[in-house]
Every structure is written in structure tokens, then in C-alpha cells.
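For reference, the structure discussed in these notes is given below.
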Amino acid sequence: MPNVKTRDLTILGLLIALVAVSTMAIQIPVPATEGYIHLGDSMIFLAAVFFGSRYGMIAGGIGSSIADILTGYTHWAIPTLIIKGLMGYIVGKIADNERYDLINLRNIISLIIGALWMVIGYYFGGAVLKGSFLVPLASIPSNLIQGFGGAVLFLPIGIALKKTDIFKKYAHK
Amino acid sequence: MSIIVENLTHIYNPKSPFETIALSNVNFTIERGEFVGLIGHTGSGKSTLIQHLNGLLKPTSGKILINGLDITSKDVKLNEIRKKVGLVFQYPEYQLFEETVFKDIAFGPINLGLSEKEINNRVREAITLVGLDYENIKDRSPFELSGGQRRRVAIAGVIAMKPEVLILDEPTAGLDPRGREEILKQIKELHDKYDITVILVSHSMEDIARLADKIIVMDKGKIALIGSPREIFRQAAELEKIGLGIPQITYLVRKLREIGIDIRDDIFTIEEAKYEIIKLIRGKKNA
Amino acid sequence: HRLDPRFKILATFSYIISLFIIDDIRAYTLIVAFLALSIKLSKVPLKYILRGLKPIFMIILITFGINIFMTKGEVLCVLGPLQITKEGVYMAIFMALRLIFLIIGTSLLTLTTSPIQLTDGIEILLNPFKRFGVPAHELAMMMTIALRFIPTLLEETDKIMKAQMARGADFESGNITKRAKSLIPLLVPLFISAFRRADELAMAMEARCYRGGENRTRMKQLKFHERDLIASILMVLFVGLSIFIRIKF
Amino acid sequence: MTNMVETKKLVFEYIKDENKKVCAVNNLSIEIKKGEFVVIIGHNGSGKSTLAKLMNAILLPSGGKVYINNMDTLDEDKLWDIRRTAGMVFQNPDNQIVATTVEEDVAFGPENLGIEPLEIRKRVDNAMKSVGIESYKRKPPHLLSGGQKQRVAIAGVLAMKPECIIFDEPTAMLDPLGRKEVMDTIMKLNKEGITIIHITHFMDEAVNADRVIVMDKGQIVLEGTPREIFSQVEKLKKLGLDVPQVTLLAHSLKKEGINISQDILTVDEMVSKLCQLL
């Protein structure tokens with residue numbers, strides 16, 4: 001069987017691709033704001049909660065910033081790399097990926113902190129990029145919806161994935 | 001009449017530099033209960049055509065009537081189409097997602113809004129129809145089954161929706177000979193017992209020759225040939241021009257005719273060839 | 001265009017830094033000159049670059065609007081509760097320009113550099129950090145794999161979606177919880193298939209003698225040409241100049 | 001002549017859920033000579049794929065030995081030499097291409113071997129030419145057809161200059177055109193002296209082999225020239241395998257009492273045999 005290291009590499013590569021694809025292509029319209037939320041964040045939560053902080057960080061940071069580059073938001077790529085990378089890391093650190101049941105206190109807290117961090121991160125990112133602490137305030141509501149929407153979407157999908165039981169052989173820290 | 005396709009045209013990315021005509025003015029009818037073989041190259045428009053029949057793609061122009069229902073009209077509900085037409089994609093086992101085989105097969109019927117009792121009946125029936133043991137398999141995870149079993153579970157998921165027309169896109173791809181044979185046998189049974197119209201997409205001329213009542217040959221977004229297997233395989237040169245093969249037996253018969261042996265030119269199964277050759281040999285002995 | 005990707009990445013970085021260092025609108029002439037030169041050298045049509053600005057136009061407008069109204073200073077005119085100040089106009093123009101320059105600069109990098117060159121460049125640039133535990137080769141390899149599989153997974157997403165729709169799945173209506181549930185039949189197979197691919201790919205890579213970054217060579221060597229040297233000198237001058245302007249004025 | 005591949009009483013067991021041991025390859029000994037073209041057939045689960053992976057040292061034997069060009073796959077020092085000598089092409093054309101363009105992917109193997117850049121360039125160009133893919137060398141792989149992708153994978157192995165290539169059902173996911181492309185390439189490589197081990201479900205691909213090996217339950221059940229193998233129609237059917245249609249026709253004619261030999265493999269042979277009868 002292939003070396004653990006090689007498989008680790010390919011799994012991370014595919015997770016990065018998954019994060020990028022679900023950011024770019026899988027979206028749900030939110031009627032309240034007439035905007036969309038994409039599933040990229042849910043995918044980062046999946047990577048982080050199931051496989052731990054390292055996977056969350058790499059898949060989240062690189063995957064999201066590739067999505068930024070491919071959709072023409074190149075100037076956001078570096079802030080995104082840092083913000084989403086840290087988001088994946090934080091969620092992975094706090095979440096409890098040993099437990100069978102997905103809904104437990106630690107996991108919920110990790111999602112909330114992860115989503116909040118993203119909102120704050122993008123606020124400061126916006127402040128730096130746009131040279132104002134007022135302008136990026138406008139992005140807070142949509143980021144809140146994106147972050148928490150991503151967390152809400154993550155839960156049923158995560159539960160369904162756990163049930164299939166196929167990650168037993170991958171889910172290690 | 002079961003399926004009528006009129007002047008069906010589909011253009012991808014119209015009015016852009018990537019404009020491609022996937023289907024151009026396609027016309028045909030399929031009678032209720034027919035077994036139709038659909039052949040053609042990758043990129044000949046087969047997949048685009050079958051996705052239209054299921055309402056997944058809307059035509060750029062043209063009309064599709066399925067048992068009297070115009071599925072291209074705007075106010076037709078997609079659920080109505082899906083009750084009529086079941087579509088099994090290539091490698092359908094990769095779409096399985098549920099925790100148990102039962103739940104996965106029940107997914108379609110649940111989406112149709114059926115009663116629980118009806119769903120149970122249908123799942124049981126579908127599992128049996130694809131040759132699996134209901135009690136033994138219903139609670140197992142689809143992911144621990146063998147490739148061939150997974151394929152059959154996926155097909156059962158469509159059968160459980162009880163479509164009047166069943167379309168299968170290369171249902172035997174990637175299987176071993178025994179697996180291929182079993183799946184084809186079950187499709188044939190389904191067709192014979194329940195009077196379902198079947199459209200089978202396949203690259204195997206031998207399978208198509210054996211099973212189909214009617215063959216549709218597609219090439220470059222158009223219908224190149226349409227007719228009974230006998231009519232189609234008689235036009236071997238035409239098929240070869242498109243780059244499609246003919247059954248080995250038909251090929252043999254052609255070669256025999258080329259060297260002057262007087263054998264019927266519309267033979268495509270082993271049984272028939274055997275019968276004809278024996279007739280020729282015996283005839284010669286008696287002469 | 002044909003510059004070394006390492007240089008291009010570094011240049012873009014220093015460009016961004018300069019952009020943030022400069023706090024005088026007059027110094028933007030320097031940036032404009034630099035951008036004009038790079039665009040000319042890159043041979044990317046200007047139309048193409050400007051098109052990249054389109055989706056961000058609203059954001060630029062908002063930035064402009066907020067800056068123009070929210071900066072305190074010498075009042076120029078009053079519009080109801082809002083007032084426009086001299087400093088506001090200055091800030092607004094300054095910030096909007098900064099944003100535009102930023103976007104043009106970064107898109108220039110991605111327009112002139114293929115993803116492979118980018119990953120190669122990143123790998124080499126990260127190499128010195130190896131001793132601090134940064135896995136440069138592995139990160140680059142992961143990015144290559146990701147870029148290789150993004151189109152494949154996009155196609156697969158479409159395929160699975162259609163297949164589930166054929167089974168009556170509805171991705172297009174309902175409230176958010178219903179939507180979330182409707183995504184299960186899409187995401188579970190997608191996830192599983194990604195892992196299957198990862199498994200098979202790992203096996204295929206090892207069969208082709210992959211054993212990590214050590215002793216590995218590359219077919220396409222990155223060579224530092226003369227033109228890279230000249231460009232680097234220009235770059236250093238440029239950053240130096242922007243720092244100089246900042247201190248001096 | 002020496003053996004390219006040799007297995008001695010090879011056993012491979014793995015543990016399927018909860019300590020249930022499954023024996024995928026059971027006491028199997030074969031010898032494959034240099035330059036030979038061997039086809040392995042057998043239904044799914046017969047152990048073919050496991051055997052292929054054992055030959056490439058992706059799996060290691062639980063018992064017995066595998067030698068590739070006299071190198072023991074259990075010898076860790078020889079691992080890379082073995083994989084370089086006996087390259088492998090897998091079933092799914094998508095999941096074995098690593099890089100984002102064709103030529104970069106072909107270069108992947110030699111790069112792993114630490115070969116000089118100029119030499120890699122040469123090898124990559126030669127390999128691409130050999131399988132006929134040089135016209136799309138800068139294309140991203142997802143724009144290629146299945147047959148083209150498989151040829152990219154073959155070129156990737158060729159660039160490592162192997163002496164033997166193991167094909168693990170490379171045609172299973174292809175359309176007839178793609179299958180033909182791949183089979184033509186395989187035959188060409190064999191003519192150029194590369195030992196070929198080809199695993200397949202398509203019996204017509206076995207017709208031109210030097211030797212056919214039939215596997216069942218992890219063991220060899222039949223072995224011989226295509227002619228010897230395919231004349232045993234009943235036995236193959238029992239194993240869940242196909243035979244070419246003309247062979248089947250000859251078989252059923254024989255059953256009807258017609259005096260025709262049963263080892264017919266191709267249409268032309270059938271025609272000439274029938275000519276004698278008619």
C-alpha cells in the first residue's frame with residue numbers, strides 16, 4: 001500500500017480542490033439578503049473537524065485562496081490564505097474529532113469561534129486593503145451569514161458522512 | 001406511441017465563441033415496450049439526447065412527447081417527467097450516498113412523495129429485480145459491497161421509481177463478463193415482464209444485436225441510421241464509415257459473401273449463424 | 001512575460017508593499033509608470049486587465065463614497081447631513097486608486113504566470129524556510145494536485161447533481177435547512193470520490209517512484225536570466241524610491 | 001533467456017473487517033520471460049489486480065517471493081529499481097495523472113528518479129512520440145479523451161525506461177476507439193522489446209498474446225497459448241469468462257456434429273476453415 005506520507009499528500013491535494021470547487025461552484029441563494037452562500041466554509045469545517053487542525057489549515061487556506069485567484073479576486077488571495085488557514089486551524093484545534101457523535105459542545109464552539117474569526121479576519125483584511133475602518137463594516141453582515149450559514153450547512157452533511165463510516169481509515173490526527 | 005422526438009436541436013453556449021451544436025434536428029419515435037439500442041461515439045450526442053429525454057436539459061428547439069406528455073413545455077413538473085422516465089447514468093454506483101442500501105434505493109421514491117408502505121414495497125421489489133437478496137442486503141452499507149453489487153443497487157434506485165421508460169447509459173461499463181451478462185439479463189427481464197420501454201446505450205455491438213428491437217445510430221449530433229438490427233447491421237459499410245464496429249458474426253458473414261459463399265447478409269447472432277452454416281453444409285452434402 | 005516566476009512573485013509582493021508604503025498621491029505617478037512598464041512588457045492587452053476590474057467596480061465605488069463623506073477636514077460642500085471635505089476628496093481618490101492599482105498588479109501576476117510556474121516559484125521561494133519546518137516541496141505538490149483535480153471535480157459535481165436530479169432530487173427550492181439536506185446526495189458522493197481518487201493517485205505516484213522531494217529533479221529548470229537581473233535591479237530601485245518618498249515627504 | 005518476472009509460491013492475505021482473513025493470492029508460481037506478452041484474465045475478485053500490485057511492490061507478499069529481473073520485492077533497497085524496471089498503468093485514466101499538463105505529467109517519473117533535466121526532456125519527448133501524444137503536450141489532462149489519457153499514463157511509464165509494463169485493466173473504462181488506441185500502443189511496445197503483462201476482461205485483447213493465464217480464487221487455473229485456452233469454451237464459461245464470438249460459433253458448430261476445429265480465434269481463420277467445408 002502506498003506510503004502514509006504520499007497518501008497524506010494526495011488527500012490534502014484533493015481536499016484543497018474540494019474546498020476550491022465548493023467555494024466556486026456549489027452555492028445556495030439566501031433569500032433574506034439576495035446573496036449567495038457558498039459551501040467552501042462547510043468544506044473547511046469538514047476537513048478540520050474530521051481530520052484535525054493541520055488538514056483544516058492547509059485545505060482551508062490554500063483551497064480558498066486558489067478559489068479567489070480563479071474567480072478574479074487575486075488581491076484577496078493572501079488575506080484569504082491567512083484568514084481561512086487560521087480558521088481551519090482554530091476549528092481543528094478546538095473540535096473533538098475522536099467522538100462519534102458530531103454534535104457536541106466542543107464541535108459547536110469550534111464552529112462558532114471559527115466563523116467569528118472569519119468575520120473579524122475579513123473585517124481587518126478589508127480595512128488594510130481599503131484603507132478604512134468604515135468601509136469593511138459593510139461586509140460584516142454578509143460574512144456573518146456566510147460563516148454561520150457554512151456552519152449550519154456543515155452539520156447535516158457531516159452527520160451523513162459520519163454515517164457512511166468510510167472515513168474510519170482516514171480519520172486520524 | 002411512447003416517445004416522439006420532433007426536430008430536437010440543442011446548442012451549448014449559444015451565441016458565444018464556444019457555441020457547439022450537440023444535437024441537430026433529431027427526429028424519431030419509439031413505440032411503447034420497445035427495446036432500443038442507442039449507439040454512437042463519445043461526443044456523438046448520445047448523452048445530450050438522453051438527458052433531454054429525462055428533462056435534465058431543455059432543447060434549444062424542438063419537442064419531446066413521452067406517452068402523450070410534452071416534457072419540453074414550460075409548465076410540466078419535473079417530478080412528472082421523472083415518474084415516466086428513469087435515467088441510469090454511467091457508473092451509477094458513484095452516486096450512492098446513504099447509510100444503508102434500503103435508504104439509498106428509497107431516495108427516489110421518497111422524492112416522488114409516495115406513502116411509506118408503497119416505498120417499502122417498491123424498494124423490496126427493486127432489490128429483487130436486480131437479483132439481490134432483500135433481507136440480506138437492505139441494512140448493509142452500500143460502501144462495503146462489491147463493485148457489481150453496488151452497480152445493481154444504484155440501478156435499483158432508479159427502477160424503484162417505476163418509470164415507464166428506462167434509459168441506461170452503458171450499464172455494463174467496467175464490469176467483468178459475468179457481471180455484464182447478469183445486468184443485461186436483468187434488464188431484459190424487466191423489459192419483458194413489465195412492458196417497460198428500454199433505451200440502452202452501449203458500445204458493444206454484440207449486446208445491442210442480441211437485445212434490441214430497434215437501433216438508433218448517432219453521429220455528429222444527428223441520427224445516422226435507425227431501424228431494426230437486421231436493417232442496421234446490413235449496412236456494415238455505413239457503420240464502419242462512422243467508425244463503429246459491427247458484431248464479429250456479421251463481419252464473418254460479410255467475408256464469406258465476399259469470397260462467393262451464398263449466405264444471408266443479415267445475420268448477427270451466433271445462433272443464427274450456426275443455423276445458416278449448418279444449412280449450407282448439409283445442403284452441400286445432399287447435393 | 002517570460003520572466004522567472006520567482007521574480008514575478010517577489011516583484012508582486014514588493015509592489016504591494018510599496019503600494020502601502022506610499023502615502024502621497026503624487027508618488028502614484030511612480031506606480032503608474034511601473035504598472036505601465038510591466039503591462040507593456042507583459043504584452044497582456046489592456047482591455048483584458050480592465051475587464052478584471054469589472055466585478056470589483058461596486059466595491060471601489062463604495063470605498064470611494066465612504067471615504068469622501070467620512071473624512072473630517074476643510075468643508076467643501078454640504079449635501080444634507082453629509083459633507084464633502086477637501087481631505088475626503090483626497091482620501092477617496094487616493095484609496096480608490098490604491099485599490100485599483102492593487103487589483104491590476106495582482107491580476108497581472110496571474111495573467112502572465114501559469115499555475116505550474118506559480119507553484120514551482122512558490123516551492124523554490126519557500127525552500128529557505130525548510131529548516132523552520134515549512135514543507136516547501138509538499139505544499140507545492142499538493143497545489144499541483146489540487147489544480148490538476150479542480151476541473152475534474154467540477155465536472156463530477158455537475159454529473160452527480162444531474163444523476164440525483166434524475167432520481168428526483170431538488171436543488172433549487174426550499175428553505176436553508178431543506179437546501180442543506182438536499183446537498184447531502186451531492187456532497188457525500190463527491191467527498192467519497194475525492195478520497196477514492198486520492199487513494200488511487202497515491203498508488204499511481206508511488207508506482208512511478210515518487211518518494212517525496214528529496215533527490216528530485218525538475219525537467220524545466222528555473223534559470224535566472226539576464227533579463228531577470230535587470231528586472232530585479234529595477235524592482236529594488238522602485239521599492240527604494242517609494243521608501244525614500246515616504247521618508248522625505 | 002532469463003525471466004522478467006518470477007513468483008514463487010506467492011501468497012497474499014489481507015484482513016477484512018474484524019479479523020476475517022482473506023486470501024487474494026494463493027500459492028501462485030509463474031515465470032514470465034523477457035519480451036513476452038502475457039494476458040491475465042479472470043473475473044473480478046480472482047486476484048488479478050492484487051497480483052499486479054505485488055509485481056510492482058505496491059503490495060508485499062504475505063508468503064513466498066516475487067522477483068522482478070531477479071530483484072526480490074521484499075528487498076527495500078531495490079524498491080525503486082523494481083518500480084523503474086516494471087512500470088504500471090492503472091484502470092482509471094483520471095486518477096493516475098498528477099500534473100496539470102501532459103508533458104509535465106510524463107516528466108513526473110524521471111523527475112522522481114533524479115535524472116538530469118536535459119535527459120528528462122529527451123526522454124519525455126521520445127515517450128510522447130512513441131505513444132503519439134506529442135501534438136497535445138501542453139494540454140491540461142481533463143481536456144483529453146479516455147484513450148488519450150491512458151496513453152499519457154503509458155508515456156509516463158515509458159519515460160522511466162522500463163523493461164516491463166504491467167497493465168491493470170487499462171481498457172476497462174474506455175470506449176471502443178480508446179481501447180483500440182491503447183491496444184495498438186501496447187502491441188507496438190511489445191514489438192519494441194518491452195515485456196507486457198496485460199490484465200483485461202476483453203477476450204479479443206488476449207487473442208494476440210504469447211500466453212494467456214486464467215486466474216480464479218487467487219490461483220492459476222488455466223495457462224497456455226490463446227488457442228489452447230479459448231478452445232476450452234465450457235471451462236471458461238464456468239469461470240464466468242467470455243470467448244471470442246467466432247470461437248463460440250465454432251464450438252457450437254462442433255456440438256452440432258460439424259467437423260470443425262475448436263481453436264479458431266479470428267474471423268479470417270473461421271472463413272478459411274468454413275471454405276474447406278463448403
Side-chain angles (χ1 to χ4, degrees), chain C residues 5 110 113-124 137-138 140-160 190 192-223, chain D residues 49 52-53 55-59 79-101 103-125 138 140-143 149 153 156-160 162 165-166 168:
Chain C
T110 43
T113 322
S114 75
I116 312 166
Q117 287 175 316
L118 267 183
T119 41
D120 277 1
I122 291 170
E123 173 171 4
I124 296 166
H137 162 77
E138 282 78 6
M141 198 73 223
M142 282 172 204
M143 284 170 67
T144 306
I145 293 170
L147 289 170
R148 150 78 184 83
F149 278 97
I150 284 172
T152 312
L153 291 184
L154 280 172
E155 258 168 53
E156 186 154 38
T157 306
D158 181 58
K159 227 164 67 188
I160 299 174
L190 193 62
I192 291 170
S193 118
F195 274 77
R196 196 189 65 242
R197 288 179 192 280
D199 252 357
E200 288 184 26
L201 184 67
M203 192 143 56
M205 280 168 69
E206 297 229 325
R208 282 162 77 186
C209 296
Y210 178 75
R211 50 189 137 163
E214 260 157 69
N215 298 324
R216 203 164 182 272
T217 49
R218 301 304 312 266
M219 174 169 72
K220 290 181 180 155
Q221 293 295 82
L222 294 176
K223 277 200 207 101
Chain D
S49 260
K53 284 171 192 138
M55 288 177 183
N56 195 259
I58 291 171
L59 297 175
L79 184 62
W80 308 109
D81 270 336
I82 289 170
R83 288 186 181 162
R84 180 207 327 231
T85 311
M88 189 148 169
V89 174
F90 297 84
Q91 180 181 31
N92 191 325
D94 258 319
N95 299 347
Q96 52 187 321
I97 296 179
V98 191
T100 45
T101 64
E103 62 174 1
E104 289 281 342
D105 189 72
V106 176
F108 181 75
E111 287 179 341
N112 290 332
L113 297 172
I115 290 163
E116 290 297 307
L118 282 176
E119 168 71 13
I120 300 182
R121 185 75 252 179
K122 242 191 276 166
R123 286 188 179 198
V124 168
D125 288 341
R138 289 193 212 286
H142 67 99
L143 296 180
K149 280 184 218 170
V157 173
L158 277 182
M160 299 195 295
I165 304 181
I166 302 152
D168 188 2

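Here is the naming used below: chain letters follow the sequence lines, and residue numbers restart at 1 for every chain.
- Between the OG1 atom in D:Thr100 and the CE atom in C:Met143 there is a gap of 11.0 Å [rounded to 0.5 Å].
- One distance of note links CG of D:Asn112 with CD of C:Glu206; it measures 10.0 Å at 0.5 Å rounding.
- Heavy-atom minimum distance, C:Ala207 versus D:Met88: CB-CB, 4.3 Å.
- Residues D:Trp80 and C:Tyr210 approach most closely at CH2-O, 3.4 Å, considering heavy atoms.
- With chain C as partner, the option from D:Arg123, D:Glu116, D:Glu103 having the largest number of non-hydrogen pairs under 4.5 angstrom is D:Glu103.
- Along residues 151-159 of chain C, the residues that come nearer than 4.5 angstrom to chain D, judged on non-hydrogen atoms, are C:Pro151, C:Thr152, C:Glu155 in order of number.
- The most heavy-atom pairs under 4.5 Å with chain C, out of D:Ile97, D:Ile115, D:Leu143, D:Asn56, come from D:Ile97.
- In this structure, D:Val98 and C:Met205 have side chains that are in contact, with non-hydrogen atoms separated by less than 4.5 Å.
- The pair D:Glu111-C:Arg208 does not meet the salt-bridge criterion, since no charged nitrogen lies less than 4.0 angstrom from a carboxylate oxygen.
- The closest side-chain heavy-atom distance from C:Leu201 to D:Phe90 is not below 4.5 Å.
- Among all heavy-atom pairs drawn from C:Thr217 and D:Pro110, the shortest one is OG1-O, 4.2 Å.
- With sequence neighbours excluded, no residue forms a salt bridge (Lys or Arg N to Asp or Glu O under 4.0 Å) with D:Asp168.
- Remark: C:Arg211 engages no residue in a salt bridge (Lys or Arg N to Asp or Glu O under 4.0 Å) (not counting sequence neighbours).
- D:Ile165 pairs by the side chain to side chain contact (heavy atoms under 4.5 Å, CB included) definition with D:Val89, D:Val157, D:Leu158, D:Pro162, D:Phe167, D:Leu189, D:Ile194, not counting sequence neighbours.
- Rounding to the nearest 0.5 angstrom, the gap separating the CZ atom in D:Phe108 from the CZ atom in C:Arg216 is 5.0 Å.
- Nearest heavy-atom pair across D:Gln96 and C:Ala204 is CB-CB, 3.5 Å.
- Among D:Leu118, D:Leu113, D:Asn92, D:Asp105, the residue making the largest number of heavy-atom pairs under 4.5 Å with chain C is D:Asp105.
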